[in-house]
Participant: 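Below you'll find the structure I mean.
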Amino acid sequence: MATPRSISYAFLLCFIIQTVFISLSSAYNVSSDGRAIIIDSRRRVLLSGSIHYPRSTPEMWPDLIRKAKAGGLDAIETYVFWNAHEPSRRQYDFSGNLDLIRFIKTIQDEGLYAVLRIGPYVCAEWNYGGFPVWLHNMPGVQELRTVNEVFMNEMQNFTALMVDMVKQEKLFASQGGPIILAQIENEYGNMISNYGEAVKLYIDWCAKMADSLDIGVPWIMCQESDAPQPMINTCNGWYCDSFTPNNPNSPKMWTENWTGWFKSWGGKDPPRTAEDLAFSVARFFQTGGTFQNYYMYHGGTNFGRTSGGPYLTTTYDYDAPLDEFGNLNQPKWGHLKELHNVLKAMEKTLTHGNVSTTDFGNSVTATVYATEEGSSCFFGNANTTGDAAITFQGSDYVVPAWSASILPDCKTEVYSTAKVNAQTSLIVKKPNQAENEPSSLKWVWRPEVIDEPVVQGKGSFAASSLIDQKPDDIIWGDNMTLRVNTSGIVLHAYVNGEHIGSQWTKYGVFKDVFEQQIKLNPGKNQISLLSVTVGLQNYGPMFDMVQTGITGPVELIGRKGDESVIKDLSSHKWSYKVGLSGLEEQKFYSTVNTNNETSGWFADNVPTNSRMTWYKTTFKAPLGNDAVVLDLQGMGKGFAWVNGHKIGRHWPSYLAEEDGCSSDACDYRGQYDNNKCVTNCGQPSQRWYHVPRSFLQDDVNTLVLFEEFGGNPSQVNFQTLVVGTACGNAYEEKTLELSCNGRPISAIKFASFGDPQGTCGSFEVGTCEAEKEILPILQQECVGKETCYIDISEDKLCKTSCGSIVKRLAVEAVC
C-alpha cells in the first residue's frame with residue numbers, strides 16, 4: 001500500500017557524465033538546503049572519494065585523481081594531519097607528500113571539487129589520531145577534545161594556520177578554488193558520553209571558532225547529532241540510508257561510506273563486495289541522500305611510523321576502488337562507475353522532485369521521484385535471502401535479495417546493484433626483470449648496539465618510576481619469575497644481558513602481562529626491558545590519556561610450594577634510553593655513507609634469525625612503469641627503507657589466524673562488517689610492501705632493513721604488479737569492457753554465453769549456452785588489443801538454447 005512522502009524532484013532522461021568545471025579565477029557560491037549542497041544556485045548530486053595525500057606520493061596524485069574522475073566522482077576528500085605538519089611545536093613541515101596545497105591544486109587541475117576535513121583530530125587509523133604527542137605533554141593539558149584552554153588554543157592555532165594557507169592560495173570556492181566543504185572536529189558524537197558536562201561547551205566552541213574563520217563555504221561535523229548551526233551534521237558507517245540530519249534545512253550527507261576495512265598485524269583481510277557497497281549507495285540515494293563520500297577511494301600506504309591502532313599494518317588498502325598501488329580494483333571500480341553515471345543523470349529529479357514510497361512488505365520498497373518533466377524510481381529489497389517479484393505501475397519486476405534497482409523512467413531497469421557488469425581483474429606479481437633476484441642481492445650487515453642499555457644498564461636519563469612511553473633484598477630461590485605489566489606493546493626482556501623472552505599482542509588489546517621464568521645470580525643483577533610501540537592509539541574515549549609502554553608493576557615473584565612472595569620493582573631506579581642507535585643517531589638507513597668498510601658494515605657471515613640486526617643491499621629498479629612491491633617473506637619484524645625513503649613497518653612473520661575463512665564465494669547478501677567473508681587465513685598479514693616508483697633511481701638503489709625479531713634476508717626480492725587475467729560475467733543488453741591495463745590481451749581462455757557458472761579463473765559452461773562456438777568471436781574482438789568491447793545480445797553473439805532467462809556472457813582473457 002502506497003504511503004506518499006513529500007520531497008521535491010525532476011528527471012533528466014539522457015545518461016551523461018556531468019563534468020565539473022571549476023573556474024580558476026571567479027568565485028562561486030556554495031550553500032545548502034534540506035535537499036542538497038547548492039553550487040551557484042544549482043542543487044547537486046555529489047559523489048566524492050577519500051584520498052589521503054600522505055598515504056601516497058605527489059607523483060601518484062595526478063593519476064589517482066584522474067582515475068577517480070573517470071570513475072564518476074565529483075570531489076576528492078582528505079583529512080589534514082596535524083602531527084605530520086607540526087611534529088614539534090611551531091615547527092611545520094609541508095614538504096614532499098605533506099604538500100597539502102599542491103595536492104589541492106592537483107585536484108583543481110583535474111576539474112574536481114575538494115572537501116577539506118581539518119579536524120584536527122582525524123582518527124583515520126593514523127598514529128595518535130593525528131594529534132602531535134607534544135600536545136599531550138604540554139603543561140596544563142590534562143585531556144584533549146574537551147574544554148581545556150591550552151588544548152583549545154593549540155587547536156585554534158593549527159586550524160587557523162590551515163585556513164590561512166588555503167586562503168592565501170585562493171583555494172576555497174568563495175575565492176574561485178575547488179574546496180566546497182570543510183570539517184571541524186571528527187566523530188565526536190561516538191565518544192560524547194565520556195566527556196561529561198563540558199561536551200556542549202566544547203562543541204559550541206568548535207563551531208564558533210570554525211565559523212569565525214570566514215571561509216565562505218559550509219562547515220560540516222560528522223557523527224555529531226548535536227552539531228550546532230550552521231554546522232551540517234553528517235553520517236559515517238557502512239550504511240547510512242536511515243540517517244536523518246538534526247536540522248530539516250540540512251541535506252542528508254554521508255561523509256564516510258566504508259569501502260572495506262583496515263588491516264591489523266595478525267588479522268585477516270576484510271574485503272567488501274562490490275554488490276554490497278553499491279547497494280549501500282543506491283539505498284542512500286533512494287532515501288533522500290544527495291552527497292556521498294567513499295572512505296576510502298584510495299587507501300594507500302602508512303609510510304614510516306604513521307599507522308595508529310596500535311598494531312595496524314603498513315598497508316592501508318581498505319579494499320578501496322583504487323588499490324594501495326593505484327590500480328583499478330575491479331570489479332568494484334567499474335560497478336560503482338556505472339552507478340555514478342546513472343545517479344548523476346538523475347540529478348535534477350533527485351534534488352527537486354516529490355517523493356512517494358510504496359511498501360510491499362518483507363523489506364521491499366519502491367520509491368518514486370516525480371516532477372512535471374517525468375519520474376525516476378528505485379526498487380529496494382533489503383531481504384537477505386529472498387528475491388522479490390513485484391508488480392509496479394502495471395509491469396512485473398524481480399528485485400534480487402539485498403539489492404536496489406534503478407529505473408530512470410520508472411519503466412526500464414538500467415542498473416541493479418546485484419548485477420555486476422564490470423570486469424574482474426586478477427593481479428599477479430612478476431619477478432624483477434632487471435636482475436635475477438633474490439640471488440643477485442648481496443647483503444651486508446651490522447648489529448644494533450644494545451650493550452650499554454641491556455648489559456651495562458646505561459641510559460640517557462634515569463627515574464625512580466616507570467615512565468609513560470609515549471639491587472637489594474632480592475627474593476632468592478630456584479622458582480622465580482619476572483612479571484611485567486604493559487599496555488600491549490611489544491616487549492623484549494633481558495636478565496643480566498641474556499634475552500629471556502619476547503611478547504606482543506594484537507589490535508584491540510590494551511593490557512598485557514609478560515611472565516617468564518628467570519635465574520638470578522648472587523649479588524647484583526640487572527633487568528633490561530625493551531618496549532616497542534606499534535603505533536599509538538587513535539580512537540576511543542579519552543584515548544590520549546591511555547598510558548603507553550610498560551605500565552607496571554614490574555615484579556619479581558618467588559615461589560616455594562604453595563607460598564609466593566612478590567617484590568615490586570617499579571619504584572627502583574630505572575635508566576632509560578629512547579630509540580635505536582642506528583635509527584636515531586647514526587641513521588644506518590641513510591644513503592650518504594655507502595662505504596661498507598668504513599661505516600661498520602660486514603659482508604662476511606651474514607647472520608640469519610639474529611635479533612636487532614641491520615641489513616643492507618643494492619638493487620636495480622624493476623623495468624617498466626608497473627607498481628613495485630618488496631617481498632619480505634622470511635623476515636620477522638622491523639622497518640624498511642629504500643634510498644632513505646621510509647617504506648614502513650614490516651612484520652611478515654605475524655600470521656593471521658587459521659580459522660574463519662571459506663573457499664566459497666562471498667555471499668554479499670546481508671549486512672557487512674569487517675568479520676564477514678574474510679580471507680588470507682594462516683598467511684602473513686602483510687608480506688608485500690609498496691615501493692613507489694618515485695622512490696627509485698635509474699641506476700643503483702639501496703635497500704636497508706632493520707630486523708627486530710630475527711629473519712633471513714636471502715628470500716627478499718622486488719616484484720611488479722600487473723593484470724594477469726581479465727574476466728567478465730556480464731548480463732545481456734550490456735556492453736562488456738575488458739582491459740589489461742596497458743598490456744595487450746594475449747588469449748581468450750574461456751567464453752560462454754548462456755548461464756555460465758563459477759567465478760573468474762574457474763568458469764564452467766552452465767545448463768544452456770550459445771548454439772555456436774563464440775570463442776572465435778571473442779578472439780577476433782579482443783586478442784592483440786589492450787581494451788575490447790563486446791555488446792552482449794543474441795543478435796551480436798549467437799542464438800542460445802536458454803529460452804527467456806536473462807543470459808550472461810562469461811569470458812576469461814589472459815593478459
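Keep in mind that the numbers below use all heavy atoms, side chains included, and drop hydrogens, waters and symmetry copies.
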Participant: With a 3.5 Å cut-off and no angle check, do the side chains of Glu256 and Trp254 form a donor-acceptor pair?
Facilitator: no
Participant: Under 6.0 Å between ring centres, would you say that holds for Trp614 and Phe588?
Facilitator: yes
Participant: For the residue pair Met542 and Asn194, what are the closest heavy atoms and their distance?
Facilitator: CE-O, 2.7 Å
Participant: How about Asn496 and Asn525: does a side-chain donor come under 3.5 Å of a side-chain acceptor?
Facilitator: yes
Participant: Is the backbone of Val495 close enough, under 3.5 Å, to the side chain of Gln526 for a donor and an acceptor to pair up by distance?
Facilitator: no
Participant: Do the rings of His690 and Phe303 sit parallel, tilted or perpendicular, given the 30° and 60° boundaries?
Facilitator: tilted
Participant: Ring centres under 6.0 Å, that's the criterion: do Phe262 and Tyr507 meet it?
Facilitator: yes
Participant: Take a 6.0 Å sphere around NZ of Lys506 and say whether it holds more than 12 heavy atoms from other residues, nucleotides or ligands.
Facilitator: no
Participant: Cut-off 3.5 Å, side chains only: do Arg272 and Asn257 have a donor facing an acceptor?
Facilitator: yes
Participant: Aromatic rings Trp641 and Tyr589: how do their planes relate, parallel, tilted or perpendicular, breaks at 30° and 60°?
Facilitator: parallel
Participant: Please tell me whether Asp276 and Tyr239 have a donor and an acceptor in their side chains that are separated by less than 3.5 angstrom.
Facilitator: yes
Participant: Step by step, would you call Ile203 with Met221 a side chain to side chain contact (heavy atoms under 4.5 Å, CB included)?
Facilitator: CA-CA 10 Å; Ile203 285 297; Met221 280 186 170; 4.2 Å; yes
Participant: Between Thr481 and Glu515, is any side-chain donor less than 3.5 angstrom from a side-chain acceptor?
Facilitator: yes
Participant: Please tell me whether Tyr202 and Tyr188 form a close aromatic pair, meaning their ring centres lie under 6.0 Å apart.
Facilitator: yes
Participant: Do the ring planes of Tyr79 and Tyr295 sit parallel (below 30°), tilted (30 to 60°) or perpendicular (above 60°)?
Facilitator: perpendicular
Participant: Give a yes-or-no answer on whether the side chains of Glu187 and Asn236 include a donor-acceptor pair shorter than 3.5 Å.
Facilitator: yes
Participant: Could you go step by step and tell me if Leu530 and Leu491 meet the side chain to side chain contact (heavy atoms under 4.5 Å, CB included) rule?
Facilitator: CA-CA 6 Å; Leu530 175 56; Leu491 180 72; over 6 Å; no
Participant: For Glu708 and Arg611: C-alpha separation, side-chain torsions, deciding distance, then whether salt bridge (Lys or Arg N to Asp or Glu O under 4.0 Å) applies.
Facilitator: CA-CA 5 Å; Glu708 179 183 336; Arg611 286 185 299 275; over 6 Å; no
Participant: Within the distance-only criterion (no hydrogens, no angle test), does the side chain of Ser685 pair as donor or acceptor with the backbone N or O of Trp265 below 3.5 angstrom?
Facilitator: no
Participant: If we ignore angles and hydrogens, is there a donor and acceptor under 3.5 Å between the side chains of His52 and Thr78?
Facilitator: no
Participant: Between Ser50 and Asn293, is any side-chain donor less than 3.5 angstrom from a side-chain acceptor?
Facilitator: yes
Participant: Can the positive tip of Arg145 be found less than 6.0 Å from the middle of the six-membered ring of Tyr121, inside 45° of the ring normal?
Facilitator: yes
Participant: Supply the atom-to-atom distance Asp544 CG to Gln537 CD, rounded to the nearest 0.5 angstrom.
Facilitator: 9.0 Å
Participant: Would you please say whether a donor-acceptor pair under 3.5 Å links the side chains of Glu224 and Asn233?
Facilitator: no
Participant: With no hydrogens and no angle check, do the side chains of Ser307 and Arg649 hold a donor and an acceptor under 3.5 Å apart?
Facilitator: yes
Participant: Would you please indicate yes or no on a ring centroid separation below 6.0 angstrom for Phe131 and His85?
Facilitator: no
Participant: With rounding to the nearest 0.5 Å, note down the distance linking SG in Cys677 to CG in Asp269.
Facilitator: 12.5 Å
Participant: Check whether the side chains of Glu125 and Tyr316 place a donor and an acceptor atom closer than 3.5 Å, and report yes or no.
Facilitator: yes
Participant: Does a side chain donor of either Asn83 or Trp126 reach within less than 3.5 Å of an acceptor in the other side chain?
Facilitator: yes
Participant: Would you find a donor on one side and an acceptor on the other, under 3.5 Å apart, between the side chain of Asp319 and the backbone of Pro271?
Facilitator: no
Participant: Cut-off 3.5 Å, side chains only: do Tyr689 and Asp631 have a donor facing an acceptor?
Facilitator: no
Participant: Without hydrogens or angle criteria, can the side chains of Asn479 and Gln517 be said to hold a donor-acceptor pair below 3.5 Å?
Facilitator: yes
Participant: Show, in sequence, the C-alpha distance, side-chain angles and deciding distance for Phe709 and Trp651, and conclude whether the ring-ring contact (aromatic ring centres under 6.0 Å, His included) test is met.
Facilitator: CA-CA 9 Å; Phe709 284 4; Trp651 202 344; 5.7 Å; yes
Participant: Working note: Val716 + Leu630, criterion side chain to side chain contact (heavy atoms under 4.5 Å, CB included); need CA distance, chi angles, decisive distance, verdict.
Facilitator: CA-CA 7 Å; Val716 170; Leu630 173 62; 3.7 Å; yes
Participant: Tell me if the SG of Cys240 lies under 2.5 Å from the SG of Cys235.
Facilitator: yes
Participant: I would like to know whether Ser570 and Asp568 meet side chain to side chain donor-acceptor pair (under 3.5 Å); could you show each step before the answer?
Facilitator: CA-CA 6 Å; Ser570 303; Asp568 190 345; 2.6 Å; yes
Participant: Without swapping roles, check the side chain of Thr259 against the backbone of Met296 for a donor-acceptor pair under 3.5 Å.
Facilitator: yes
Participant: Is a side-chain N or O of Tyr615 found less than 3.5 angstrom from the main chain of Pro607, in a donor-acceptor match?
Facilitator: yes
Participant: Using 30° and 60° as the class boundaries, would you call the ring planes of Trp82 and Phe151 parallel, tilted or perpendicular?
Facilitator: tilted
Participant: Can Arg90 and Glu86 be said to form a salt bridge (Lys or Arg N to Asp or Glu O under 4.0 Å), step by step?
Facilitator: CA-CA 7 Å; Arg90 302 302 184 264; Glu86 194 176 358; 3.2 Å; yes
Participant: Hey, are Asn127 and Asn538 close enough side-chain-wise for a donor-acceptor pair under 3.5 Å?
Facilitator: no
Participant: Under 3.5 Å, is there a donor-acceptor pair between the Thr315 and Gln686 side chains?
Facilitator: no
Participant: Under 6.0 Å from the six-membered ring centre of Phe158 and within 45° of its axis: does the NZ or CZ of Arg89 meet both?
Facilitator: no
Participant: Would you confirm whether the ring centroid of Tyr672 sits within less than 6.0 angstrom of the ring centroid of Trp261?
Facilitator: no
Participant: Using 30° and 60° as the class limits, which term best fits the ring planes of His499 and His492: parallel, tilted or perpendicular?
Facilitator: tilted
Participant: State, without any angle test, whether Glu707 and Thr613 hold a side-chain donor-acceptor pair at a distance under 3.5 Å.
Facilitator: no
